[in-house]
Amino acid sequence: MKYKLLVLDVDGTLLNNKKEISPRTQAALLKVQQMGVHIVLASGRPTNGVMPIAEKLELNHYGGYILSYNGGQIINVQTGELLFEKRIDPEWIPYFEKKAKKNDFAIFTYHKDFILTDKPDNKYVIQEANLNNMQVIGVDNFAEAVDFPPCKCMLASDDEESLVGLENHWKKRLDGVLDAFRSEPYFLEVVPQFINKGNTLGVLMTKLSVLPEEVIAIGDGVCDVTMLQLAGVGIAMGNADDSVKACVDKTTLTNEEEGVAFAVERAILAEIRPTEVPLDQLNMRARHALMGNLGIQYTYASEDRVEATMPVDERTRQPFGILHGGATLALAETVAGLGSMILAKPDEIVVGMQVSGNHMSSAHEGDTVRAVGTIIHKGRSSHVWNVDVFTSTDKLVSSIRVVNSILKKK
């Protein structure tokens, strides 16, 4: 594949205004991962707030990553391993709390699955807790309660003018030690120096030996600019600020118009060629799915032909030691499914509609059968495949017809 990493901002990019992933976007991102591209979710949210989204996109199965706290942490979702982390020295917390109290700002930070704050009733603190499904714990002495090095510290207020004033002051006062910036009109964030999405993405790329030209990044906010500029292809959402759009070469649709799906379908999925389909990765990732449980392995794929093998063993045989007809049909559907997925357009999904077969002879336990699927009809709404299954000595076991329905993503 030309690309190895797809880096996505979360709020305002991947998620629509209801904080949901659309079915079309989810289908496109699952297909991208099946083709060997790893997804990185880069967000200002804490890790706990990103993990449910990562699991919905099956990053735990496909080897994706979370870049949380605007770059404060990198998590390997598949293994749970912490690959990178940078935190704030807790000795700074009393100073932050003093400034917050002076301006009547709420101050809070994240720890494990809860938020610590001096103003638990603040609407922005409650909003942040709900967004990340975290508990709010109010404390009288914030600096004393934060007895750990936080990934970042947040101040919240409706007084944007005062937040801007403190931001400008801290850019000078904290220079060389910490970075301060406003992520929203009502939020002022403090993070360790040099922590941003671009720098931390660079750390991950180095660990994975990935080059910039092998990365696509999509985002909508000012906090995304560093990663958009680092990626070989940086794409701004249609709802992004003009200042963000000015930093990239491409702009997609808005998050309400499924801009991520639109961009991915054209930048990645439309460029996939059958010879580039990573069969070894498909086989590895399907080891816990039906085909993995039956021992099915893809061995060849082109635009009009797909092949796979399946062992005749305790998983696929009848009690009498010969190949089970149901397992044979499952093999045929697996072969035809990949074939139709290769042929389908980027904005289409494949659903099995009908399978029927004739069993001519038997294959015995200990043998490995080979399925050869060839397309005999490629219509706009359906594909028809013929799948012949042979023994290791090329004896025809079954001839199966599979019909797949081709649907537009919604």
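In what follows, residues are counted from 1 in the order of the sequence shown. Hydrogens, waters and symmetry mates are skipped; everything else that's a heavy atom, side chains included, is used.
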Checklist line | Flag for D159-Y186: side-chain donor and acceptor within less than 3.5 Å | finding: no
Margin query: Checking E214 against L5 for the side-chain contact (heavy atoms from CB on, under 4.5 Å) test, could you report, in this order, the C-alpha distance in whole Å, the side-chain angles of both residues, the deciding distance, and whether it holds?
Written below: CA-CA 7 Å; E214 297 172 317; L5 288 183; over 6 Å; no
Checklist line | Polar side-chain atom of E256 near backbone of N16 as donor-acceptor pair, under 3.5 Å | finding: no
Check: Is the side chain of N283 donor-acceptor paired with the backbone N or O of Q297 at a distance under 3.5 Å, no angle test?
Finding: no
Next item on the list: Measure up the Y110 and F108 rings against each other and bin them: parallel (under 30°), tilted (30 to 60°), perpendicular (over 60°).
Entry: perpendicular
Next item on the list: Taking the side chain as every heavy atom from C-beta outward, state whether V7 and L201 have any atom pair closer than 4.5 Å.
Entry: yes
Margin query: Can you confirm whether N48 sits close enough to N133 that some side-chain heavy atom of one is under 4.5 Å from a side-chain heavy atom of the other?
Written below: no
Item checked: Criterion side-chain contact (heavy atoms from CB on, under 4.5 Å) on K19 and D11, from CA distance to verdict -> CA-CA 7 Å; K19 302 300 180 182; D11 296 290; 3.0 Å; yes
Item checked: Side-chain heavy-atom pair T13, V10 within 4.5 angstrom cut-off -> no
Notebook entry, point to check: Can you tell if the side chain of N196 reaches within under 4.5 Å of the side chain of N70, non-hydrogen atoms only?
Noted result: no
Margin query: Quick one: does any side-chain atom of Q33 pair with a main-chain N or O of L57 as donor and acceptor, under 3.5 Å?
Written below: yes
Notebook entry, point to check: Any luck finding a side-chain donor-acceptor pair between S392 and D367 under 3.5 Å?
Noted result: yes
Note to self: Would you compute the distance between atom CG of L59 and atom OH of Y65 and round it to the nearest 0.5 angstrom?
What the structure shows: 10.0 Å
Note to self: Other residues, nucleotides and ligands only: do more than 12 of their heavy atoms fall within 6.0 Å of CZ on F114?
What the structure shows: yes
Item checked: Inter-residue atom distance Y95.OH - L178.CG, 0.5 Å rounding -> 10.0 Å
Check: Which pairs pass salt bridge (charged side-chain N to carboxylate O under 4.0 Å, His left out) with one or both residues in residues 63-90, sequence neighbours excluded?
Finding: E85-R87
Item checked: Side-chain (K197) to main-chain (A42) donor-acceptor, under 3.5 angstrom -> yes
Check: Between CD of E348 and CG of L269, what distance do you get to the nearest 0.5 Å?
Finding: 11.5 Å
Check: Do we see a donor-acceptor contact under 3.5 Å between the side chains of S22 and E258?
Finding: yes
Next item on the list: Over 60° means perpendicular and under 30° means parallel, so classify the ring planes of F96 and W170, tilted if in between.
Entry: tilted
Margin query: Is there a side-chain contact between R182 and V164 in this structure, where contact means two heavy atoms from C-beta onward sitting under 4.5 Å apart?
Written below: yes
Margin query: When you compare the side chain of E128 with that of I115, does any pair of heavy atoms fall below 4.5 Å?
Written below: yes
Notebook entry, point to check: What pairs meet the side chain to side chain donor-acceptor pair (under 3.5 Å) rule with one or both residues in residues 331-341, with sequence neighbours excluded?
Noted result: S340-H383, S340-W385, S340-N404
Notebook entry, point to check: Taking side chain as C-beta onward, heavy atoms only, is I322 less than 4.5 Å from E365?
Noted result: no
Note to self: Strictly distance-based, threshold 3.5 Å: is any side-chain N or O of N132 a donor or acceptor partner for the main-chain N or O of M134?
What the structure shows: no
Note to self: Given 3.5 Å as the limit, does a donor-acceptor pair link the side chain of T328 with the main chain of H324, or not?
What the structure shows: yes
Next item on the list: Hey, could you give me the OG1/CG distance between T252 and D220, rounded to the nearest 0.5 Å?
Entry: 12.0 Å
Check: Side-chain contact, heavy-atom cut-off 4.5 Å: K56 with I21?
Finding: yes
Notebook entry, point to check: Do T109 side-chain atoms and K152 backbone N/O form a donor-acceptor pair below 3.5 Å?
Noted result: yes
Notebook entry, point to check: With the threshold set at 4.0 Å, does a side-chain nitrogen-carboxylate oxygen contact exist between E265 and R24?
Noted result: yes
Check: If you count the non-hydrogen atoms of other residues, nucleotides and ligands that lie under 6.0 Å from CD in Q193, is the total more than 12?
Finding: yes
Next item on the list: Classify the side-chain pair E189/S183 by whether it contains a donor and acceptor separated by less than 3.5 Å.
Entry: yes
Notebook entry, point to check: Can you tell me if N199 uses its side chain to pair, donor with acceptor, with the backbone of I195 under 3.5 Å?
Noted result: no
Next item on the list: Start with the C-alpha distance between L338 and Y298, add both sets of side-chain angles, then the distance that settles side-chain contact (heavy atoms from CB on, under 4.5 Å), and finish with yes or no.
Entry: CA-CA 9 Å; L338 176 60; Y298 293 120; 3.5 Å; yes
